[in-house]
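First up is the structure itself, then whatever we jot down about it.
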Amino acid sequence: MPELPDVEVIKHYLDSTSLHQTIEKVTVRNPKILGNVSPRVLREALTARKFQTTRRHGKYLLVHLDGGSWLTLHFGMTGRLEYFGDICEDPRYDRLRIDFVNGFHLAYVCQRMLGEVDLAEDAESFIKGKNLGPDAFGLDFTTFRNIIRGRRGAIKSTLMNQRRIAGIGNIYADEILFQTGLHPNTVPDRLDEEMLRRLFQGMKGVLQTAIDHHADSRRLPRTYVLRQRHKGGTCPRCKVELRRVKISGRTAYYCPRCQAA
DNA sequence: AGTACCACCTGACGGC
DNA sequence: TGCCGTCAGGTGGTAC
């Protein structure tokens, strides 16, 4: 699930629940979700510390500890955070649990185990080490144009390529292309300035709207194709049945009438 | 440079 | 009911 808007929502969630509280204990319930850090090192880095601030880059959430280092969270396809008071509420698929001195708990929940938790010395070098491009939400038009221009593959692949632009995944790439009226297989090379600008504004608009609605697909505007992402789904604009096609191994949904090839 | 395929995991769903 | 293939919004590696 978690693409940029989802991670932004998770960031707000962590900010409003877990900042400035002393960590009492850390339980790694499944060490496979850890990147390069061992359970012991992670425990030592977090225990008796506090989360000071957070930042997001693409689909990564970075949590700054008062000790100086950063806890890095990636949510894979099924990851999320859950904050709760009663230990009996510890959710299923809890892979890592942080107990605060105040008696509350923060769980990193990840059913499919495709996420990753790690420790980094520095946020910038972490982002560089992951080869992430600029964050889709902080991007200016000139940078965007330089990234898109000259690409010879499908536009959707470029939008989803985290090395080029960080934060957009399969779902929101489809939505951005729908809102812009572009076919997912469009070759970026051929886009003129006008279309590039529309695509840029479409990207910003979709991300902002999704964040405003807590990245909850049920709350998104009816003009959004995202809610129709299922077999038999129809175009919210012209009502024609959506098409499905594989692009770089992922399923793309698009409207054959509204999204010109 | 771009794509196709596989792997990593767990679970839901439809067909037989 | 049970088995099996397919699919699912993540990334990374390989071969072409």
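Just so it is clear, the values below take in all heavy atoms, side chains as well, and ignore hydrogens, waters and symmetry mates. So that the names make sense, note that chain A is the first sequence line, chain B the second, and so on, each numbered from 1.
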*Using a heavy-atom cut-off of under 4.0 Å over every strand shown, decide if Glu116(A) touches base, sugar-phosphate, or nothing.*
nothing
*Quick one: do Phe126(A) and Leu62(A) satisfy side chain to side chain contact (heavy atoms under 4.5 Å, CB included)? Show the steps, please.*
CA-CA 9 Å; Phe126(A) 174 80; Leu62(A) 311 175; 3.7 Å; yes
*Heavy atoms under 4.0 Å, any strand shown: does Gly249(A) hit a base, just sugar-phosphate, or nothing?*
nothing
*Considering only the P atoms, how many Å lie between dA8(C) and dA4(B), rounded to the nearest integer?*
16 Å
*What's the closest nucleotide to the Arg92(A) side chain, out of dC9(B), dG11(B), dT3(B)?*
dG11(B)
*Between dT11(C) (C1') and Met113(A) (CE): distance, integer Å*: 15 Å
*Begin with the C-alpha distance, continue with both residues' side-chain angles, and end with the deciding distance and a verdict on side chain to side chain contact (heavy atoms under 4.5 Å, CB included) for Leu4(A) and Arg56(A).*
CA-CA 8 Å; Leu4(A) 188 154; Arg56(A) 182 193 54 70; 3.2 Å; yes
*Touch check for Thr251(A), heavy atoms < 4.0 angstrom, all strands: base, sugar-phosphate only, or nothing?*
sugar-phosphate
_Side chain of Leu114(A), heavy atoms from C-beta onward: which of dC9(B), dT3(B), dG11(B) has the nearest atom to it?_
dC9(B)
_Residue whose nearest DNA chain C nucleotide is more 5′ - Phe75(A) or Arg163(A)_ = Phe75(A)
_Please pick, from dG11(B), dA8(C), dG9(C), the nucleotide with the shortest atom-to-atom distance to any side-chain atom of Arg244(A)._
dA8(C)
*asked:* Strictly below 4.0 Å: does Lys246(A) bring a side-chain N or O up to OP1 or OP2 of dA8(C)?
replied: yes
*List the steps, then state whether side chain to side chain contact (heavy atoms under 4.5 Å, CB included) holds for Ile176(A) with Leu199(A).*
CA-CA 7 Å; Ile176(A) 290 164; Leu199(A) 180 59; 3.8 Å; yes
*Using a 4.0 Å heavy-atom cut-off across all strands, classify Arg152(A) as base, sugar-phosphate, or nothing.*
sugar-phosphate
*Starting at CZ of Arg151(A) and ending at C1' of dG2(B), how long is that distance when rounded to a whole Å?*
10 Å
*Distance in angstrom units between Gln111(A) CD and dG9(C) P, rounded*: 14 Å
*Watson-Crick or G-U wobble mate for dC16(C), both contacts under 3.5 Å*: dG2(B)
*Whole-Å distance between dA8(C) P and Tyr93(A) OH?*
19 Å
*Determine the Euclidean distance between corresponding P atoms of dT6(C) and dC5(B); express it in Å to zero decimal places.*
13 Å
*Tyr224(A) ring center near Phe178(A) ring center (under 6.0 Å)*: no
*asked:* Determine whether Phe51(A) and Ile98(A) satisfy the following criterion, side chain to side chain contact (heavy atoms under 4.5 Å, CB included), listing intermediate values before the conclusion.
replied: CA-CA 11 Å; Phe51(A) 294 152; Ile98(A) 293 165; 3.7 Å; yes
*asked:* Does the structure show a Watson-Crick or G-U wobble partner for dG9(C), both distances under 3.5 Å? Name it, or say none.
replied: none
*Between Phe104(A) and Tyr83(A), is a ring-ring contact (aromatic ring centres under 6.0 Å, His included) present by the stated rule, with each step listed?*
CA-CA 7 Å; Phe104(A) 280 75; Tyr83(A) 184 79; 5.1 Å; yes
*Under 4.0 angstrom, heavy atoms only, what part of the nucleic acid is Asp174(A) near: base, sugar-phosphate, or nothing?*
nothing
*Measure from the side chain of Lys130(A), starting at C-beta and using heavy atoms only, and say which of dG9(C), dG2(B), dG12(C) lies closest.*
dG12(C)
*Hey, does Lys231(A) reach any base, or is it just sugar-phosphate, or nothing, if we go heavy atoms under 4.0 Å?*
nothing
*In whole angstrom, what separates Ile165(A)'s CD1 from dT11(C)'s P?*
13 Å
_In whole Å, I'd like the distance from the CD1 atom of Ile155(A) to the P atom of dT3(B)._
11 Å
_Below the 4.0 Å mark, does dG2(B) have OP1 or OP2 next to a side-chain nitrogen or oxygen of Ser248(A)?_
no
*asked:* In this structure, how many angstroms lie between the P atom of dC9(B) and the CZ atom of Arg112(A), rounded?
replied: 12 Å
_Listed nucleotide nearest any side-chain atom of Gln162(A), set dT11(C), dG2(B), dC9(B)_ = dT11(C)
_Whole-Å distance separating the CG atom of Leu34(A) from the C1' atom of dC8(B)_ = 15 Å
_Please determine whether a side-chain nitrogen or oxygen atom of Lys59(A) lies at a distance below 4.0 Å from atom OP1 or OP2 of dT11(C)._
yes
_Ion pair check, Asp174(A) and Lys156(A), cut-off under 4.0 Å_ = yes
